[in-house]
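Keep in mind that this is a model prediction, so the values were computed, not measured. Here is the naming used below: chain letters follow the sequence lines, and residue numbers restart at 1 for every chain.
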Amino acid sequence: MLSFLGYRLFRFFISLIGVTLITFGIMHLAPGEPTDLQTTLNPRVSAQAKENLRKLYGLDRPLYVQYTQWVKRFVTMDFGTSFVDGQTVAQKMMERIPITIVINLLSLILILGIALPIGIFSATHPRSPFDKAATVFVLIGFATPTFWLALIMMILFGVVLGWLPISGYQSLDVGGMSFEQRLADWMKHLLLPVFVSAFGGLAGFSRYTRAEMLEVIRQDYIRTARAKGLSEPVVVYKHALRNALIPIITVLGLSVPGLIGGSVIFETIFAIDGMGRLFYQSVLSRDYPTIMGITVLGTVLTLIGNLLADLSYAFANPTVRLHKTR
Amino acid sequence: MAIRPRTAFERFWGRFKSNGPAVAGGFIVLSVFVIALLAPILSLYDPAYIDVGKILAAPNSDHLLGTDELGRDVFSRMIWGSRISLLVGFVAVGIAILIGILIGAVASYYGGWIDDVLMQFVDIMLSIPTFFLILAVIAIVEPSIWNIMIVIGVTSWMGVARLVRGQFLALKEKDFVTAARALGANDLRMIFLHLLPNALSPVYVSAVLGVAGAILIESSLSFLGLGVQPPTPSWGSIITAGKDTIEIAWWLTLFPGLAILITVLGYNLLGEGLQDALNPRLKG
């Protein structure tokens, strides 16, 4: 187990270095110096800011020096200062990140809570009307653009029915509310964003769970379990599900980047001041340091998600601990 | 009367045409192609024609799907928008496939540290949230239709690389490959003449599914104002106007979104149908 953990941590750091290299590379992708691009295209950048930026990136030095310096600052969470309002990027991100994490966790829980039962039931009742309905749902789920679903939900529940608020994550008068009212207010605001961000994953996971369960249920040891007279729930939930869960956990880890990337869309649409919206605003205003900071941070979160998935994978399947899998 | 054995294609076609959803998907894909091709004939109005007297008109007999915030005909703009979706989808996937094949083939053919490095690179690319990566690049290169095609292509080749690598690894053990090597085929000949043609069928599937993904990303980018730029009509950018007028003009949101959904659904159904028909053993 320890060597497995060590191996995974090693890969984690290799990936981390790779990501900083790629992000750094993007920064130098632009023709000329990044600062030129910033200043010619962004009238908001003053000569002072340009000078600061040149100094920050050390653009007069060789590339490898620039890179190591940039990484050094990155390790100490110093991502520089935003062009837009002079706040440090780290501070801006810390303000915005909690709500993004809350929404993504809630949608992960929603995905697992709904997709697993759907997938299991579909697999244990193949070609039943429920299975067919689930298949249609999955196909539509895969094809639905998130931003469009968000707007349709807003039109339906916000404009036509008037049940739910269509923007923000709390009401303006939240200060005067009791804790329960505040919680209810919060839930009302988060219902649509969480549903929308979970929707795509819901389709993917129920389908994946179904496929894995179908595969496992065909195995000999399931027939053996049935033959020795175990009840159907024990066979399905203890013998089959535990084995089917292994690949499902990995896919869960792999779906984290999609969820985080999706934050850009639903936070922008629902006017939620999270990291996704901050990223979008930074792209529009070409706030370079913020863009780079969020990209690296989003990737670190993804890598942590993958690492956790790998570890729970090892927890669910003892044989994994013994050899290094790719 | 001699019975001619069925060719591989005939067997494939037999399986494909008996798969209802796959045929439906193929039909959708073809229809969108025809619509894009016949756009000048099918669109009733000039998609760029601004009619200030008819701003945000609800669907009616003149304007089947209503008009937008500048009084332009939504139906005509959607018809022309199909060209953008297909163009971006196909070019982006083309780029992704080329990169994916190259990296997957080189990694598995040479193996060893080359394989390790390239596959680690794939892992790294997969761990950057794609949408962040795309937006970060667009912030530098200016949004335009050509730039988003390149950016989508460059950020979506990893699946293909893994597929090709897996195929090559399996093929390398086959006798015909050993034979070709024994006959003195060089690396290029081995990769492109012997291995690649036998590794392509899952790549076709992945290409068709990739078009669906690229269309979704393009529409999201255009919706955010970071993709195809106005006045070029695209499905995503029509919906941008729908968002700004969400309390009055539902038709600006509903119809282009349905167009995206149906098109993407078509490519997904076709792709999965191809997969089932090419590898019947994998069918779940």
Novice: Most heavy-atom pairs under 4.5 angstrom with chain A, which of B:L226, B:T263, B:I215?
Specialist: B:L226
Novice: Nearest 0.5 Å, please: how far is CZ in B:F132 from CG in A:L297?
Specialist: 9.0 Å
Novice: Measure B:A136 against the heavy atoms of chain A and call it side chain, backbone, both or neither at under 4.5 Å.
Specialist: both
Novice: May I ask you to name which of B:L258, B:I217, B:L269 has the most heavy-atom pairs under 4.5 Å with chain A?
Specialist: B:L258
Novice: Taking all heavy atoms of B:I124 and all of A:I14, pick out the closest pair and write down the distance.
Specialist: CD1-O, 4.1 Å
Novice: Using a cut-off of under 4.5 Å for heavy-atom pairs, which of B:G213, B:G266, B:S127, B:P143 has the most such pairs with chain A?
Specialist: B:S127
Novice: When you look at B:L133 and A:T299, which way does the side chain to side chain contact (heavy atoms under 4.5 Å, CB included) test go after all the steps?
Specialist: CA-CA 10 Å; B:L133 191 61; A:T299 311; over 6 Å; no
Novice: Do you know which of B:N268, B:I262, B:T253 has the most heavy-atom pairs with chain A at a distance under 4.5 angstrom?
Specialist: B:T253
Novice: Given a strict heavy-atom distance threshold of 4.5 Å, which part of B:F121 is in contact with chain A: side chain, backbone, both, or neither?
Specialist: side chain
Novice: Could you check which of B:L254, B:L224, B:I239, B:L135 has the highest count of heavy-atom pairs closer than 4.5 Å to chain A?
Specialist: B:L224
Novice: List the atom of A:R286, the atom of B:I138, and the distance in Å for their closest heavy-atom pair.
Specialist: NH2-O, 4.5 Å
Novice: For residues B:I246 and A:M154, report the shortest heavy-atom separation together with the two atoms involved.
Specialist: CD1-CB, 3.7 Å
Novice: Quick check on A:I294 against chain B: is it the side chain, the backbone, both or neither that has a heavy atom closer than 4.5 Å?
Specialist: both
Novice: With a 4.5 Å cut-off on heavy-atom pairs, point out which of A:T295, A:V296, A:I17, A:L139 contacts chain B the most.
Specialist: A:L139
Novice: So which atom in B:P129 and which in A:G261 form the shortest heavy-atom distance, rounded to 0.1 Å?
Specialist: CB-N, 4.3 Å
Novice: First locate atom CZ of A:F12, then atom CG of B:D123, and finally report the distance between them rounded to the nearest 0.5 Å.
Specialist: 13.5 Å
Novice: Does any non-hydrogen side-chain atom of A:I260 lie less than 4.5 Å from one of B:F131?
Specialist: no
Novice: Step through the shown structure and confirm whether more than 12 heavy atoms of other residues, nucleotides or ligands are within 6.0 Å of OH on B:Y110.
Specialist: yes
Novice: Take B:F223 and A:T268 through the test side chain to side chain contact (heavy atoms under 4.5 Å, CB included) and record every step on the way to the result.
Specialist: CA-CA 11 Å; B:F223 168 72; A:T268 304; over 6 Å; no
Novice: I need the residue from A:W148, A:Y280, A:F279, A:F142 with the largest number of non-hydrogen atom pairs under 4.5 Å to chain B.
Specialist: A:W148
